[in-house]
Amino acid sequence: MDKIRIHGGHPLSGSIKISGSKNSALPILAATLLTREPCTIHRVPDLSDTNYMVQILTHLGAQVERASGTVSVTADKVESLAPYDVVRKMRASVCVLGPLLGRCKEATVSMPGGCIIGDRPIDLHLKGFEALGAAVRVEGGNVKVFAPRLRGAVINLRGKFGPTVLGTDNVMMAAALTEGTTVIEGAAQEPEVVDLANFLNKMGAKIEGAGTRRVIIEGVAELHGAEHDIIPDRIEAGTFLVAGAICGKGITVERVEPGHVEAVTNALGNCGFRIESSAHSITVSSNGQTSPLELVTDPYPGFPTDMQAQMCALLSTNDGISVITENIFPQRYMHIAELKRMGAQMQLEGATAVIQGVDRLFGAPVMASDLRASAALVLAGLKAEGVTEVSRVYHIDRGYERLDEKLSELGAHIERVKGT
Ligand code: EPZ
């Protein structure tokens, strides 16, 4: 297995272009199953997760072509069964359920298994499908949803930890081809949900209110092909902004939507960093004096849980005592033990991390456990004295396009060590 080796202490500078959003590309690729006609999606990041989605579409019978960031899909005929072998590699595969139910009025998909970041049920997705009139059966490790006829309904998708992103996507996609009007209350407001709704509307859907807590979908009989550009990846942008903060002389992220990253730039501004934004770029630089921070993760537009680990890495060397509370995935702290191996001082109290800032971190061999935790270890390695070796970097390749190469373009001394 590949490793990433980082020689820490080298300041970053310059600018970097942000790739298309993973969490937007996955549901949008799944949405192409809603029509027989060709769809063309641009700015699809080259990641193992988007490759998995292409494999699933192909397995379901779609013709898929891919060339440098553009994916063309024609799902003239589709199967409605997505088996374990194809689905087990990626939880987000669950978002083919909605399109298949909408189009074929039935779908069987392997139930997503356990996840290292915490309990991730799909009960809200299934509740939404049942409200549209589908019968739901879980057997043999598969979830089967079917309905001779679907009809619009009012559905509240808010759960114990707030709205569900992929649940909102799934119900929106099924409802697009459902007779009558569907109203989703307690909908997720993430920019990726808006991007999916914009794509569906280009296909002829009638969706209003995406980006608010109340989404209204007027069902149509059929959808047609469409072309779409994926929005920039706000989590990749946030990760590079933290890289610039943790050891930068000032870096600029380009091809970004500053509005989508506001919770992150506000947090950086509140703990000692200067932020300058223009229409599609953001520059972060140090004020020379860092300070502690109190942070809670929340659904959008709150502070994203997918940036929590990276902020732990940053705050580990900020002055003072910082406190982070994880409201979405309370157990999402696999990175803490590894950061402590690098000299960080952190205590976990339930879903809260208490971080005592230290003067310096030390390079060490560390183990990646999930996508964002691995990004946090790389960021800590950039700051640490000596060499950090991050293993299991396949986690990084799931969600970051060429992370090590991009950091190297900014001046990091970083290399990928090929596994034997
Ligand atoms: C999306 O996952 C993202 N993944 C995640 O990013 C992100 O962490 C998450 O939203 C929250 O922002 C993709 O978009 C592919 P949720 P999703 O359903 O949709 C609970 C990354 O690093 N819940 O919004 O699966 C759930 O357990 C990944 O890129 C239920 O209880 O997350 C969690 O506590 C990791 N029942 C909360 O809601 C349900 O049916 C939010 O989960 C569904 C969710």
Using a cut-off of 6.0 Å, state whether more than 12 heavy atoms not belonging to [X] lie near its atom [atom1].
X	atom1	value
E65	CD	no
E276	CD	yes
Y394	OH	yes
H224	NE2	yes
E222	CD	no
R36	CZ	no

Could you give the distance from [atom1] ([X]) to [atom2] ([Y]), rounded to the nearest 0.5 Å?
X	Y	atom1	atom2	result
M111	L126	CE	CG	6.5 Å
S15	E254	OG	CD	4.0 Å
I336	C312	CD1	SG	4.5 Å
L166	N23	CG	CG	7.5 Å
D233	E257	CG	CD	12.5 Å
R91	D49	CZ	CG	12.0 Å

Which heavy atom of [X] sits nearest to which heavy atom of [Y], and what is that distance?
X	Y	result
P163	P299	CD-CG, 3.6 Å
H10	G411	CB-O, 4.0 Å
L150	G133	CD2-C, 4.3 Å
G399	L47	C-CD2, 3.6 Å
V264	G238	CG1-CA, 4.2 Å
L379	A243	CD2-CB, 3.5 Å

Do the side chains of [X] and [Y] get close enough for a salt bridge, i.e. N-O under 4.0 angstrom?
X	Y	answer
K406	E236	yes
E409	K17	no
E192	R234	yes
R416	D397	yes

(request) Would you please classify the geometry between the H260 ring and the Y300 ring as parallel, tilted or perpendicular, with 30° and 60° separating the classes? (result)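 Rings of Y300 and H260: perpendicular, as their planes differ by over 60°.
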
(message) side-chain contact (heavy atoms from CB on, under 4.5 Å) for R255 and R43? Distances and angles first, verdict last.
(response) CA-CA 11 Å; R255 216 169 53 186; R43 292 222 177 125; 3.6 Å; yes

Do any N or O atoms from the side chain of [X] and from the backbone of [Y] form a donor-acceptor pair under 3.5 angstrom?
X	Y	answer
K340	M346	yes
T35	E37	yes
S408	D404	no
R392	M1	no
Y333	L348	no
R213	A187	yes
T239	M307	no
Q310	D306	yes
E326	Q308	no
N156	I184	no

Side-chain contact, heavy-atom cut-off 4.5 Å: [X] with [Y]?
X	Y	answer
D370	M334	yes
R274	V284	no
V417	D2	no
I324	F303	no
R151	L132	no
L314	F273	yes
L157	E185	no
L295	T325	no

(message) We want to know whether E227 and T40 form a side-chain donor-acceptor pair, criterion being a heavy-atom distance below 3.5 angstrom.
(response)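 Looking only at side-chain atoms, T40 and E227 do not form any donor-acceptor pair under 3.5 Å.
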
(message) For V78 and C104: C-alpha separation, side-chain torsions, deciding distance, then whether side-chain contact (heavy atoms from CB on, under 4.5 Å) applies.
(response) CA-CA 8 Å; V78 286; C104 313; 3.6 Å; yes

(request) Please assess L315 against L293 for the test side-chain contact (heavy atoms from CB on, under 4.5 Å), listing each intermediate value before the final yes or no. (result) CA-CA 8 Å; L315 296 169; L293 192 65; 4.0 Å; yes

(request) Give the intermediate values and the outcome of side-chain hydrogen bond (donor to acceptor under 3.5 Å, both in side chains) for residues D195 and H228. (result) CA-CA 9 Å; D195 203 25; H228 189 74; 2.8 Å; yes

(message) Cation-pi check for F129 against K127: NZ or CZ below 6.0 Å from the six-membered ring centre and within 45 degrees of the axis, yes or no?
(response)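 Because its charged atom misses either the 6.0 Å distance or the 45° angle limit, K127 does not stack over F129.
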
(message) Run R372 and Y400 through side-chain hydrogen bond (donor to acceptor under 3.5 Å, both in side chains) and show every step you take.
(response) CA-CA 10 Å; R372 308 304 172 183; Y400 291 97; 3.0 Å; yes

(message) Using the rule given for side-chain hydrogen bond (donor to acceptor under 3.5 Å, both in side chains), can you reason through N51 versus R66, listing the C-alpha separation, both sets of side-chain angles and the distance that settles it, and then say yes or no?
(response) CA-CA 10 Å; N51 295 341; R66 187 173 195 166; 2.6 Å; yes

(request) Check the pair M173 / L34 against side-chain contact (heavy atoms from CB on, under 4.5 Å), numbers first and verdict last. (result) CA-CA 8 Å; M173 290 189 274; L34 285 163; 4.1 Å; yes

